[in-house]
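Written out below as structure tokens is the structure these notes cover.
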Amino acid sequence: MSFHNGPKVFLEVLDLSHNQLTGPIPTFLGRLSNLHLSFNRLNGPIPESLGRHFSLQAISLSSNMLNGTILVSVSQLPKLHSLDISYNFLEGVVSEAHFANISMLKYLDISSNTGLTFKVSHGWIPPFQLVSFSSCNIGSEFPQWLQNQRMLVELTLSNASISGPLPTWLRKMPFKFLDLSQNKLIGPLTNLPNIEKFDVFGYGFYPGLFLQDNLFNGSIPRSLCRRTDLFLLDLSKNRLTGKIPKCLVNLQMLQGMKFSSNKKSVVIPKSIVLFSSSLLELKLNDNMFRGELPGEWGNLKGLMVLDFGDNIFFGNIPERIGEKLPQLMVLRLRGNNFIGGIPPSVCNVSELQILDVAFNNLT
């Protein structure tokens with residue numbers, strides 16, 4: 001990628017994202033306010049010259065092959081409100097020095113840089129109020145400075161090496177999209193954010209809660225039933241026990257619900273068929289749910305993925321399951337104690353791509 005001196009001295013906005021550009025990021029002329037180079041094949045370090053473009057408001061360099069460290073000169077961009085350097089090969093430490101003079105920052109994404117660590121002092125109070133934050137490795141404890149971010153609605157700390165319980169101050173945070181997956185968080189889920197009303201319009205995401213691949217224990221809190229804004233809920237691969245709260249049917253906007261791999265040992269609640277027709281994916285596999293599958297499936301006509309595999313369900317597969325769930329693409333009932341045959345109605349599900357009923361007692 002190269003630029004030559006000439007008529008571009010007045011360049012303010014440059015968007016070359018989603019191309020096949022290669023090589024290092026060049027030195028730009030003009031009074032740049034927006035620079036978008038994401039989804040290319042750019043390599044080398046982030047040039048120090050960017051720190052001299054004092055009018056920069058948005059920098060997007062994600063999904064390239066950039067390496068090296070993040071220069072402290074980025075702190076000399078007082079108008080910067082959005083910085084996305086995710087999905088690169090950057091390394092080193094991101095410290096509070098990088099943000100010393102960036103009081104207008106709203107969107108920060110430094111995730112998916114395996115050699116990068118976010119490290120600030122315990123009592124650090126940032127000069128900005130973020131709306132969205134996605135981090136790389138952030139250390140062993142839940143970052144305390146986040147409790148001062150009263151406008152933060154989207155937080156992603158996936159695979160960030162965090163351990164320990166959820167802090168109590170998390171309850172009052174305004175997070176609407178919260179991804180804490182693939183960490184070593186422990187304890188109950190009682191400190192989850194408890195905000196009931198939220199207008200999803202105006203934000204570039206759907207409200208979701210992703211807590212999979214941790215060490216959470218205890219029961220699913222009933223407070224989740226008040227999160228009627230949720231589109232996605234994933235509690236899989238933890239150590240949760242107890243019943244699925246019946247009041248989860250209040251989540252009428254929910255499109256995906258995953259409780260896989262928790263070793264829950266209960267009868268599946270009858271209320272599960274009362275979920276909204278908006279539910280597209282329901283995964284309860286790899287637990288110890290027992291009982292018979294319901295004959296009626298209520299509002300779940302839009303369901304595309306149903307995975308009840310590796311549980312202790314018994315009896316016949318419901319005769320009309322294909323008729324009641326006509327949009328199914330994946331039906332996985334393997335590893336249970338079902339008897340009888342595969343209902344003929346399954347043959348009429350035209351969208352079905354995966355049918356897995358292995359390791360049962362079918363005849």
Side-chain angles (χ1 to χ4, degrees), residues 156 158 175-182 188-189 192-196 198 200 205-214 216-291 293-294 296-311 313 318 321 324-334 336 354 356:
T156 300
S158 177
F175 305 143
K176 284 301 168 178
F177 182 98
L178 179 60
D179 185 350
L180 302 177
S181 62
Q182 300 180 54
L189 298 177
L192 288 175
N194 191 18
I195 308 298
E196 297 183 32
F198 180 69
V200 299
F205 62 89
Y206 290 117
L209 183 59
F210 298 88
L211 304 177
Q212 69 270 26
D213 285 294
N214 278 286
F216 290 119
N217 57 31
S219 59
I220 299 173
R222 291 179 60 85
S223 60
L224 270 181
C225 301
R226 294 195 290 270
R227 288 295 309 272
T228 54
D229 61 298
L230 282 179
F231 278 65
L232 301 166
L233 175 61
D234 192 343
L235 305 179
S236 57
K237 296 184 180 180
N238 280 285
R239 299 175 179 178
L240 299 173
T241 57
K243 297 181 179 180
I244 297 177
K246 295 180 180 179
C247 58
L248 285 182
V249 299
N250 295 337
L251 309 185
Q252 291 296 297
M253 299 179 71
L254 203 63
Q255 295 185 4
M257 184 168 69
K258 301 179 183 180
F259 294 155
S260 310
S261 303
N262 273 288
K263 303 304 179 186
K264 297 175 72 65
S265 179
V266 294
V267 175
I268 186 171
K270 294 181 180 179
S271 60
I272 205 163
V273 303
L274 300 178
F275 275 92
S276 168
S277 58
S278 63
L279 191 66
L280 304 178
E281 183 176 19
L282 177 59
K283 300 187 73 172
L284 304 181
N285 58 291
D286 192 23
N287 284 287
M288 290 186 284
F289 286 112
R290 60 185 184 274
L293 294 187
E296 297 294 326
W297 289 88
N299 298 323
L300 299 182
K301 292 182 179 180
L303 201 64
M304 300 173 69
V305 176
L306 177 63
D307 190 348
F308 285 178
D310 300 302
N311 282 287
F313 291 114
I321 190 170
K324 296 297 182 180
L325 304 176
Q327 304 300 319
L328 275 181
M329 299 178 68
V330 176
L331 177 58
R332 187 174 181 273
L333 303 175
R334 69 178 289 134
N336 284 283
I354 297 176
D356 188 350

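This one's a predicted model, so the numbers in the text were calculated from it and none came from an experiment.
A distance of 7.5 Å separates CG in N299 from CD in Q252, rounded to the nearest 0.5 Å. The CG atom of N311 lies 7.5 Å from the CG atom of D286; values are rounded to the nearest 0.5 Å. The distance from the CG atom of L282 to the CG atom of L284 is 4.5 Å, given to the nearest 0.5 Å. Between the CG atom in L251 and the SG atom in C225 there is a gap of 6.5 Å [rounded to 0.5 Å]. The CG atom of N336 sits 7.0 Å away from the CG atom of L333 when rounded to the nearest 0.5 Å. Expressed to the nearest 0.5 Å, how far CG of L331 lies from CG of D356 amounts to 9.0 Å.
D229 places a side-chain heavy atom less than 4.5 Å from the side chain of R227. Within the 4.5 Å cutoff, the side chain of L180 has no heavy atoms near those of the S158 side chain. L224 is listed as a side-chain neighbour of L192, based on a closest heavy-atom distance under 4.5 Å. Between N262 and T241 the shortest side-chain heavy-atom distance does not fall below 4.5 Å. At a threshold of 4.5 Å between non-hydrogen side-chain atoms, the residues W297 and L306 count as touching. A heavy-atom distance below 4.5 Å is not found between the side chains of L248 and L254.
N285 is linked by a side chain to side chain donor-acceptor pair (under 3.5 Å) to S260, counting only residues two or more places apart in sequence or in another chain. The side chain to side chain donor-acceptor pair (under 3.5 Å) search around S276 returns S278, not counting sequence neighbours. For D179, the side chain to side chain donor-acceptor pair (under 3.5 Å) partners at least two apart in sequence or on another chain are S181. Qualifying ring-ring contact (aromatic ring centres under 6.0 Å, His included) partners for F308, counting only residues two or more places apart in sequence or in other chains: F313.
For residues 241-259, the set of pairs meeting the salt bridge (charged side-chain N to carboxylate O under 4.0 Å, His left out) definition, not counting sequence neighbours, comprises K258-E281.
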Could you give the side-chain donor-acceptor pairs of residues 231-240 under 3.5 Å, partners two or more places apart or in another chain?
{"unit_1": "D234", "atom_1": "OD1", "unit_2": "S236", "atom_2": "N", "d": "3.0"}
{"unit_1": "D234", "atom_1": "OD1", "unit_2": "S236", "atom_2": "OG", "d": "2.6"}
{"unit_1": "N238", "atom_1": "OD1", "unit_2": "N214", "atom_2": "N", "d": "3.4"}
{"unit_1": "N238", "atom_1": "OD1", "unit_2": "L215", "atom_2": "N", "d": "3.4"}
{"unit_1": "N238", "atom_1": "OD1", "unit_2": "F216", "atom_2": "N", "d": "3.1"}
{"unit_1": "N238", "atom_1": "ND2", "unit_2": "L211", "atom_2": "O", "d": "3.0"}
{"unit_1": "N238", "atom_1": "ND2", "unit_2": "L235", "atom_2": "O", "d": "3.2"}
{"unit_1": "N238", "atom_1": "ND2", "unit_2": "S236", "atom_2": "O", "d": "3.2"}

Next on the checklist: I'd like to know whether F275 forms a side chain to side chain contact (heavy atoms under 4.5 Å, CB included) with M257, so could you lay out the CA-CA distance, the side-chain angles of the two residues, the decisive distance to 0.1 Å, and finally the verdict.
Outcome noted: CA-CA 10 Å; F275 275 92; M257 184 168 69; 3.6 Å; yes
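When all heavy atoms of V305 and L328 are compared, the pair lying nearest together is N-CD2, 4.2 Å. In this structure, R332 and D307 approach most closely via the heavy-atom pair NH1-OD1, 3.0 Å.
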